[in-house]
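Treat the numbers as computed from the prediction; the structure is a model and nothing was measured.
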Amino acid sequence: MAELADTSGDNTQSTEQVVNTLNAIKNEPQQDIDMPPPPTEYEALSAQLKQIPHDPNGWKRLINLAEESGDMDKVRVSFDALLQQYPNTSSAQIRYIGHFLQDPLMFGEAEDLFKKFLIKSPEVDLWKFYLTYVRRVNTTPSTRDAVRKSYEFAVNHIGQDKDSGDIWRDYIHFLRSGETTTTWEEQQKMDALRKVYHRAVQIPLEGVETLWQELESFENNLNRITAKKFMTDLSPAHMQARTTYRQLINHAGALFPASASVPQTRPELVLPALPTFNASERTLVGKWKAYLKWEENNPLELEEKDKSILVSRIQSVYRKALIRMRYYPEIWFMAYTWLNSVGKHEEALTILKAGIEANPLSDLKSYLLTFTYAEALEVKQAFAEVHSQFDRLLGVLRAKLEELEVRIKNEESQNDNNPPANAGDPNSPSQSCLFNSQQSDEKPLKPSELAERQSEYGLAYNMYMRFGRRAEGIKSSRAIFGRARRDRWTPWTVYESAALMEYHCSEDGMGVGSRIFEKGLELFADEIEYVLRYLGFLISINDKTNARALFERVIGTFPPDRARPLWERWARYEYQYGDLDAALKLEKRIADVYPADPPIKRFAQRHTYLGTDAIAAQDLGFALARKAPQALGRTETTTSVTTSNPGSVGSIGGSGGSGTNINAASHKRPASPDYRKREERGGGGGGDYSQSHKRARGMSPPPPRNERDRDRWDAPPSSRRRHSPPPPNWDRDGRERAPLPPPREEEKPKVPSLPNVISWFIGELPTPTSFDGPVFRTDDLMNLFRNAVIPSSGRSKSPPPPTPPRSGGRPPPDYGPYQGPGGGRTGRRY
């Protein structure tokens, strides 16, 4: 027991020791904890631009902060980062170099930057800035040769540019100002001037006419006989240059900002922004494409011996286009295609790499450049690089899909946690409106966006499998498909593509393809498009047993509104290759599922082949209707009147109209079968149809309700004359209708009135449903004219395409499934 009571091993401190320890800690001097200072605006902006580099305003602010600080290290870091994001931007390069021209001790660093920028730059203002610096540091007669070489270096690189006229004139003035002491030196000077003049007057430059006059004066002062010969030889090329310059101004005048005549050390930064592809940006892209194609067509008509000049000229134009249209992959693709066409394959591949860097995969900027680069590598048989390219593409797409999925789930959870204030009142109008808009607009948009991205993900896998089969055989394609099967984001299109690839490219293609389709059906049995593809495949390989089994297996899993394409597909097969008993049995099943379908639809569809529908054309009068003239100009006016009062159209289209209304409509053209079919299916009147299928024209004011109803629907227009008073109005029960109350004073300015004659005339017009011709939206036509690229008047005009023959009347009937109001002009006819 004594051993058990022994507490020698207990390490617990006494109360006195604990108190002393706490006092000692309390008396110790407190160490100041240094909190890091908040980041400056420059530091915060630098960090932000690393995360979001496509921010022109942010870069401009960063450069201003660096310049205001006076710290050359910040200036170097900021401009280097800017030019890495926006390479060859001349305004940034000039401002960057300008910081090193204020102190002669820093001229060496400025020259290093000139060497770095000039070779790749097509911008005239940077070359002007360089020549100004050269003439500033070379002022003695012994250094004139260095200045001359600099001018020659400049005109060889950018002398074909339309804005290089100032450089050519400065070069000529520099040569003129040279002093000579001997006759030989004077002759050398004249020969140099003649050579420069002859080159300049054949280029479409600004002020080329002035240079021609100077050349003519120069030659006449030397020798009138030789002057006439020189001017005669140069005249065709000069006149072509003048004509080309006028065309060039029409093409490129709006594409390039006006360059300053005097180089500025601090020009305004011009940085391209990410495209939104609005109307103005699409117009700008169209202008650039037209200009580039115009340059490729050799407007100067240079001969084969001058092909190097033509190539240099077009290359310079493409470099300018890639600077200003950096984020438009189409321009990069045009540059790549042109470089390949002139045999510069390595440079074309370099352009593609630069385009992918400008439009990286991480931002999903360009499938165009990614696929083009993969094919270019495949041509070079660099298969390992192609695999790496597709792996990066799929990785980026997968990350984007997961990010989008998380965002959609977060938005849905926020909507569930934050219901609207009147969510508990289902009878309130605002609650009902909110529910309808969410069901029809917002919620479908989120899955559709995810489905679209997933479809693009499947496209990447399909292109990858194509490459594997082309480059390394069917086994490589199978390996890629094996990876896709383990990916939860793989859509059904990958299974279909793999199955068809096996069918066409392997020995046991039929069996392997069927097994792949069947495997995909386990995952995508609810995808109607996939089931249709599978059924079409079985029919195409004449496997009617499995095709019938597939149809019977899946047709009951879809609701009738989604199953119609399957019924239609199998019906076409039975009509074409089955017996009559099977076709009639199938029609009975379809009639049970879709009781609103008329029997004539199935019968006519059974006797149609390759679009030839003799029943519709001859028995139903569609062939004669095509020959009837159409009044195309009356549709919008009729629509604007009828849609302003839906009840008036419903009184004709509905079944409960009065006898008077029936008589009024009896002399009009009957409604089209499409319209009658919509009434049978929806049970609604023509008001819903006219509102959804036609758009009211806001420029046509509707007549007042009392005049419209009185003059249009109450009596047959044939029973009264033009100026005779209208007959009395009677309601449906035969009692005299009470006069309508006068409109309130505040409504008079809002409801314009039409004269009775105009109202009667509008009532004479056929109903909107009687028009079956093409409908043109005014807004679409105006946008088409506004965005059209008008070719230059100087180019040879190609003959217009032949006008297709007109066939008036109704379009050919379509027995396909109903697409809904506005779902297509060629709707159901039965």
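Rounded to the nearest 0.5 Å, atoms CG (L450) and NZ (K400) are 14.0 Å apart. Summarising the geometry, atom CD belonging to E111 is positioned 10.5 Å from atom CG belonging to L113; distances are rounded to the nearest 0.5 Å. Annotation: the span from I323 atom CD1 to S121 atom OG amounts to 6.0 Å, rounded to 0.5 Å. The structure places CD of E456 at 4.0 Å from OH of Y367, a figure rounded to the nearest 0.5 Å. To the nearest 0.5 Å, the span separating CG on L393 from CZ on R398 amounts to 10.0 Å. How far CD of Q85 is from CG of D55: 10.0 Å, rounded to the nearest 0.5 Å.
Contact detail for N88 and Q93: the closest heavy-atom pair is CA-NE2, 3.4 Å. Residues L62 and S46 share a closest heavy-atom pair of CD1-OG, 3.4 Å. Of all heavy-atom pairs spanning Y327 and A358, the tightest one is CE2-O, 3.5 Å. Residues A335 and L322 come closest through the heavy atom pair CB-CD1, 4.2 Å. Scanning all heavy atoms of the two residues, the minimum distance from A471 to F383 falls at CB-CE2, 3.6 Å. Nearest heavy-atom pair, T490 versus A484, reported as atom, atom and distance to 0.1 Å: OG1-O, 2.5 Å.
Within the 4.5 Å cutoff, no side-chain heavy atoms of R319 are placed close to those of K120. Proximity of D166 to E206: side-chain heavy atoms (C-beta onward) are nowhere separated by under 4.5 Å. Under the 4.5 Å side-chain criterion, counting only non-hydrogen atoms from C-beta, M72 is in contact with F100. Residues F333 and Y328 fail the side-chain proximity criterion, which asks for heavy atoms closer than 4.5 Å. Between M465 and I474, every side-chain heavy-atom pair lies at or beyond the 4.5 Å cut-off.
In summary, K409 and E405 engage in a salt bridge, as defined by a charged side-chain N under 4.0 Å from a carboxylate O. The pair E449-R407 meets the salt-bridge criterion, since a charged nitrogen lies less than 4.0 angstrom from a carboxylate oxygen. Taking 4.0 Å as the cut-off between side-chain N and carboxylate O, D73 and R76 count as a salt-bridged pair.
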Inset, instruction - Could you walk me through whether D125 and F129 pass the side-chain contact (heavy atoms from CB on, under 4.5 Å) test, one step at a time? - result: CA-CA 6 Å; D125 52 356; F129 191 65; over 6 Å; no
Inset, instruction - Step by step, work out the salt bridge (charged side-chain N to carboxylate O under 4.0 Å, His left out) result for K475 and E472. - result: CA-CA 7 Å; K475 291 184 178 180; E472 301 169 344; over 6 Å; no
Inset, instruction - Check the pair L284, L255 against side-chain contact (heavy atoms from CB on, under 4.5 Å), reporting the backbone distance first and the verdict last. - result: CA-CA 8 Å; L284 181 63; L255 302 180; 3.7 Å; yes
Legend entry - Trace of the salt bridge (charged side-chain N to carboxylate O under 4.0 Å, His left out) decision for E67 with R95: CA-CA 10 Å; E67 291 178 336; R95 282 180 66 165; 2.6 Å; yes
Inset, instruction - Could you walk me through whether R453 and E402 pass the salt bridge (charged side-chain N to carboxylate O under 4.0 Å, His left out) test, one step at a time? - result: CA-CA 10 Å; R453 299 285 87 78; E402 294 172 355; over 6 Å; no
Inset, instruction - Give the intermediate values and the outcome of side-chain contact (heavy atoms from CB on, under 4.5 Å) for residues K353 and I356. - result: CA-CA 5 Å; K353 292 179 181 178; I356 293 176; 5.9 Å; no
Legend entry - Chi angles and distances behind the side-chain contact (heavy atoms from CB on, under 4.5 Å) call for E330, M325: CA-CA 9 Å; E330 188 176 4; M325 308 295 286; over 6 Å; no
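Environment of CZ in R562: crowded, with over 12 heavy atoms of neighbouring residues, nucleotides or ligands closer than 6.0 Å. Atom CD of Q51 has 12 or fewer heavy atoms from other residues, nucleotides or ligands within 6.0 Å. Heavy atoms from other residues, nucleotides or ligands lying under 6.0 Å from NZ of K60 number more than 12. Around the CZ atom of R313, the shell of radius 6.0 Å holds more than 12 heavy atoms that belong to other residues, nucleotides or ligands.
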Could you pull out every donor-acceptor pair under 3.5 Å between side chains of residues 491-501 and any protein atom, sequence neighbours left out?
| from | atom 1 | to | atom 2 | distance (Å) |
| --- | --- | --- | --- | --- |
| S497 | OG | N462 | OD1 | 3.4 |

Side-chain donor-acceptor pairs under 3.5 Å in residues 371-382, sequence neighbours left out?
| from | atom 1 | to | atom 2 | distance (Å) |
| --- | --- | --- | --- | --- |
| T372 | OG1 | L368 | O | 2.6 |
| E378 | OE1 | R470 | NH2 | 2.8 |
| E378 | OE2 | R470 | NE | 3.0 |

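Looking only at distances, a side-chain donor or acceptor of S164 sits under 3.5 Å from a matching main-chain atom of G159. Of the possible donor and acceptor atoms, none in the side chain of E281 sits under 3.5 Å from a partner among the backbone N and O of P275.
With E296 as the fixed residue, the side chain to side chain donor-acceptor pair (under 3.5 Å) test singles out one of W338, Y318, Y291: Y318.
Aromatic ring orientation, F467 versus F390: parallel (interplanar angle below 30°, classes split at 30° and 60°).
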